[in-house]
Amino acid sequence: MNKIENSFLNKDQFGDDFLWGVSTAAFQIEGAHDADGKGSSIWDVFTSQKGKIKNGHHALTACDFYNSYQNDIDLMKELNIPNFRFSISWTRIMPTGTDSVNQAGIDYYNKIIDSLLASGIEPWITLYHWDLPQSLETKGGWTNRESVSWFSDYVAICAQHFGDRVKNWMVINEPSVFTGAGYFLGIHAPGKKGITNYLKAMHHVTLATTAGAKKVRNLVPEANIGTTFSCTHIEPATQSAKDIEAAKRVDTLLNRTFIEPILGLGYPQADLPVLKKLNNYILEDDLNNLSFDFDFIGLQCYTREVVKSAMLIPYIGAELISAEKRNVISTDMGWEVYPPALYHVLKKFNEYKGIKKIIITENGAAFPDTLSNGKVYDIKRTHYIQDHLEQILKARNDGLNVEGYFVWSLTDNFEWAEGYNARFGLIHVDFETQQRTIKHSGLWFKDFLS
Ligand code: IFM
């Protein structure tokens with residue numbers, strides 16, 4: 001007997017108001033990269049450059065969600081999924097990032113929103129999931145302070161056009177990931193490197209998060225407004241003082257740097273001294289504009305990291321010991337499968353008094369799925385989801401604040417620098433034919449949600 005039959009999990013244990021859903025992002029699913037007046041984004045440009053994405057993959061078509069959204073919405077309905085998180089592509093709405101609005105882009109998202117509502121599925125919009133307009137990148141992108149007003153103007157257009165039907169809004173997705181990978185390490189778009197780019201981007205993205213949230217609040221007074229952070233449970237490799245200190249610095253970087261200013265606590269400069277360099281970019285009035293009273297915070301947790309001191313590593317003096325080196329079970333992303341991480345992260349973020357409500361807006365796993373006789377038996381993903389849900393249940397039973405769970409992701413999709421080989425979907429996609437096949441995990445989720 002497998003775990004589906006064995007699982008003690010039952011949706012009712014989470015309570016009637018607990019939110020269930022799936023998450024996606026525009027660039028990862030839509031394709032149609034230049035359809036109907038869409039402008040070019042930093043990811044369109046990055047993916048066209050040689051050697052940036054594994055196996056030379058690109059997202060010109062991706063999951064073709066732009067054309068086949070109705071089919072995917074029908075599949076969501078079939079799986080009993082009540083909430084759908086998707087992002088808006090800035091360059092469909094404003095092809096050059098500012099000024100002119102592309103009516104075809106507005107029409108496209110209106111069709112999605114209307115179709116979701118007609119299917120009884122609640123739309124959850126993420127306003128920015130990493131695809132900055134390329135024409136703004138040529139002006140410095142997020143390293144340019146003007147990015148704050150570019151972003152708020154774009155947010156205003158979205159709020160004005162979609163706010164009559166969309167209640168749930170997330171401003172920015174995982175700022176630590178796209179600034180770290182895109183502006184410090186250069187492994188994601190726009191491929192910039194260095195501490196100066198990173199710190200400028202960090203500060204402007206934080207200001208933009210608040211500015212965007214205020215725009216939505218003004219234009220859609222009844223909106224449920226959140227923003228999402230990636231977070232990871234951090235453990236020191238040993239109990240030596242050096243490793244403990246190193247783990248604290250990594251924890252500050254990965255878990256605290258972006259959320260604390262938003263909660264009115266300022267940047268955690270005392271625990272990560274390199275953040276003091278931010279003072280070069282913080283203008284006097286900024287400190288009053290960094291925080292916002294969000295209705296909810298989205299947390300996105302996939303794994304834990306084990307950290308050792310490494311004083312030669314600049315700025316952080318620490319190194320992550322990979323799952324492979326630790327010889328522990330991991331996913332296709334090389335991330336350790338460690339469900340208690342979710343419980344630890346919930347406990348940690350529950351300590352912030354300023355968080356009203358926590359929703360897990362992403363959690364999921366990439367495993368090497370195979371389609372055989374029209375079926376995908378992805379039992380590892382089913383177990384991954386079940387085991388993480390057990391941790392959420394434990395957290396709720398311990399009185400912790402956690403009020404929703406969104407699986408990453410509905411379908412297999414374009415996993416950034418990893419291309420299409422890292423499959424996260426509840427639904428398998430054959431990228432040659434765009435054929436969808438509901439995986440075992442999707443069937444389990446359907447059953448669970450029924
Ligand atoms: O695919 C990404 C998503 O875009 C942001 N959060 C993590 C996912 C898996 O890597």
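Atoms within each ligand, like the ligands themselves, are counted from 1 in listed order.
- In terms of protein heavy-atom proximity, atom 10 (O) of ligand 1 is closest to E415 OE2, 2.6 Å.
- Not one N or O of N173 is nearer than 3.5 Å to an N or O of ligand 1, by distance alone.
- Under a cut-off of 6.0 angstrom, the local environment of CG in D17 is sparse, with at most 12 non-hydrogen atoms contributed by other residues, nucleotides or ligands.
- Figure legend: cation-pi geometry between K11 and F448 absent, as NZ or CZ is not positioned both under 6.0 Å from the six-membered ring centre and within 45° of its axis.
- Using a 4.0 Å heavy-atom cutoff, H129 is listed among the residues neighbouring ligand 1.
- Of the N or O atoms in Q28, one or more lie within a sub-3.5 Å distance of an N or O in ligand 1.
- Surrounding NZ of K248 are at most 12 heavy atoms belonging to other residues, nucleotides or ligands under 6.0 Å away.
- Between the side chains of N224 and N168, a donor-acceptor pair is found at a separation under 3.5 Å.
- Not a single heavy atom of F27 sits under 4.0 Å from any atom of ligand 1.
- Side-chain atoms of N110 and R165 include a donor-acceptor pair closer than 3.5 Å.
- Nearest non-hydrogen protein atom to atom 7 (C) of ligand 1 is E362 OE1, 3.1 Å.
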